[in-house]
Protein chains: 2
Amino acid sequence: MPTRHKIILLAHGSSDPKWCHTFEKLAAPTVSAVPDSVVAYMELSEPSMDQVVAQAVVDGFKTFTVLPLFLAAGRHLRKDVPAMIADLETAHDVSIQLAPPVGENPQLGLAIRDVVEQTLQASNP
Amino acid sequence: MPTRHKIILLAHGSSDPKWCHTFEKLAAPTVSAVPDSVVAYMELSEPSMDQVVAQAVVDGFKTFTVLPLFLAAGRHLRKDVPAMIADLETAHDVSIQLAPPVGENPQLGLAIRDVVEQTLQASNP
């Protein structure tokens, strides 16, 4: 059986359930395009990264990439998430690679510019 | 003198100064393309929205659009920011419009998909 690799699209999470709804819509094109990818939340929302990793291990996954759907890396991505990943690797005997946040790719800055220009044109036709 | 309209690109802010550096790079194409636009932070980083509005009023601006560079709207954008905006409108006798966050535009979800695919290809050539 070939090694299966799981992609975790990591979002922050929010106490506001509407946030998750917007976020799921935002992540939907990625989830559709990237095989074995799923959204998980760092805190406040479910599924948590713990829950997703535990289920994936049951399903036979041994390696993971965590790809943060964050605009920039702050304390969460520099400290909290690496610590959570280290704990998960030990607990489940798996390998988890943390990728840079999507916002560090210059293409995202260009896309934000286009969206801002569209939004301003729509509000001031 | 024509009415001048200020665009505030509102970011969350972080206790990590590197976050702001990444964020400024991410916002740079927008700041370059959109006249009279500037980044301001909701909390933890400077310039704050208060500081930007106060200076813009001195510079002659009377109307503003706050455009959140957030992926999704949670409690901050639904409650905290509207309350901050209402206070600023009263304090400075200005009009401030709050636009939807960039992440609510479907184009951003497609851009995120492209960036995620690029990132995964780069890590698994």
Side-chain angles (χ1 to χ4, degrees), chain A residues 5 7 9 11-34 37 44-45 65 67-79 97 99-120 122-124, chain B residues 5 7 9 11-34 37 44-45 65 67-79 97 99-120 122-124:
Chain A
H5 187 75
I7 311 295
L9 306 167
H12 184 278
S14 169
S15 56
D16 184 338
K18 288 180 188 166
W19 186 93
C20 292
H21 181 67
T22 308
F23 208 91
E24 281 158 19
K25 278 171 67 179
L26 183 73
T30 309
V31 172
S32 297
V34 177
S37 71
L44 301 170
S45 305
T65 295
L67 215 150
L69 301 188
F70 281 59
L71 292 178
R75 183 179 48 80
H76 286 321
L77 289 183
R78 292 189 204 284
K79 297 191 176 170
Q97 186 189 359
V102 289
E104 287 189 7
N105 184 311
Q107 223 184 297
L108 203 66
L110 299 176
I112 286 175
R113 176 199 63 197
D114 294 346
V115 168
V116 168
E117 286 181 331
Q118 268 185 28
T119 305
L120 292 170
S123 63
N124 298 295
Chain B
H5 187 76
I7 310 297
L9 305 167
H12 185 277
S14 170
S15 57
D16 184 338
K18 288 180 187 166
W19 187 92
C20 292
H21 181 67
T22 307
F23 208 90
E24 281 158 19
K25 278 172 65 179
L26 183 72
T30 308
V31 172
S32 296
V34 177
S37 70
L44 301 171
S45 305
T65 296
L67 214 150
L69 300 188
F70 281 59
L71 292 178
R75 183 178 48 79
H76 287 319
L77 289 183
R78 291 188 204 284
K79 296 193 177 170
Q97 187 190 358
V102 288
E104 287 189 7
N105 184 312
Q107 224 184 297
L108 203 66
L110 299 176
I112 286 176
R113 176 199 64 197
D114 294 346
V115 168
V116 168
E117 286 180 330
Q118 268 185 27
T119 304
L120 291 171
S123 64
N124 298 294

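Within every chain, numbering begins at 1; the chains are lettered A, B, ... in the order of the sequence lines, protein sequences first and strands thereafter. This structure is a prediction, so every number in the text was calculated from the model and none was measured.
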Task: Value rounded to 0.5 Å, distance of CG in A:Leu44 from CZ in B:Arg75 - done: 9.0 Å
Task: Atom group of B:Leu9 that falls short of 4.5 Å from chain A, counting heavy atoms - done: side chain
Open item on the list: Nearest 0.5 angstrom please: B:Thr65 OG1 to A:Leu120 CG, how far?
Closed with: 6.0 Å
TODO: For side-chain contact (heavy atoms from CB on, under 4.5 Å), just list the numbers for A:Asp114 and B:Asn105, CA-CA rounded to whole Å, side-chain angles, deciding distance to a tenth of an Å, and then say yes or no.
DONE: CA-CA 10 Å; A:Asp114 294 346; B:Asn105 184 312; over 6 Å; no
TODO: Go through the steps for A:Val102 and B:Val116 under the test side-chain contact (heavy atoms from CB on, under 4.5 Å), then give the verdict.
DONE: CA-CA 7 Å; A:Val102 289; B:Val116 168; 3.8 Å; yes
Task: CG on A:Leu71 to CG on B:Leu108, rounded to 0.5 Å - done: 7.5 Å
Open item on the list: Only pairs of heavy atoms separated by less than 4.5 Å count here; which of A:Arg78, A:Lys79, A:Gln118 has the most with chain B?
Closed with: A:Arg78
Task: Heavy-atom check, side chain of B:Asp16 versus side chain of A:Leu77, under 4.5 Å - done: no
TODO: Would you give the length of the straight line joining atom OG1 of B:Thr119 to atom CD of A:Glu104, rounded to the nearest 0.5 angstrom?
DONE: 9.5 Å
- [ ] To the nearest 0.5 angstrom, please state how far the OG atom of A:Ser37 sits from the CD atom of B:Glu117.
- [x] 9.5 Å
TODO: Could you tell me which non-hydrogen atom of A:Trp19 sits nearest to which non-hydrogen atom of B:Gly74, and how far apart they are?
DONE: CD1-N, 3.3 Å
Open item on the list: Sort by residue number and list every residue of residues 24-31 of chain A having at least one heavy atom under 4.5 Å from chain B.
Closed with: A:Leu26, A:Pro29, A:Thr30
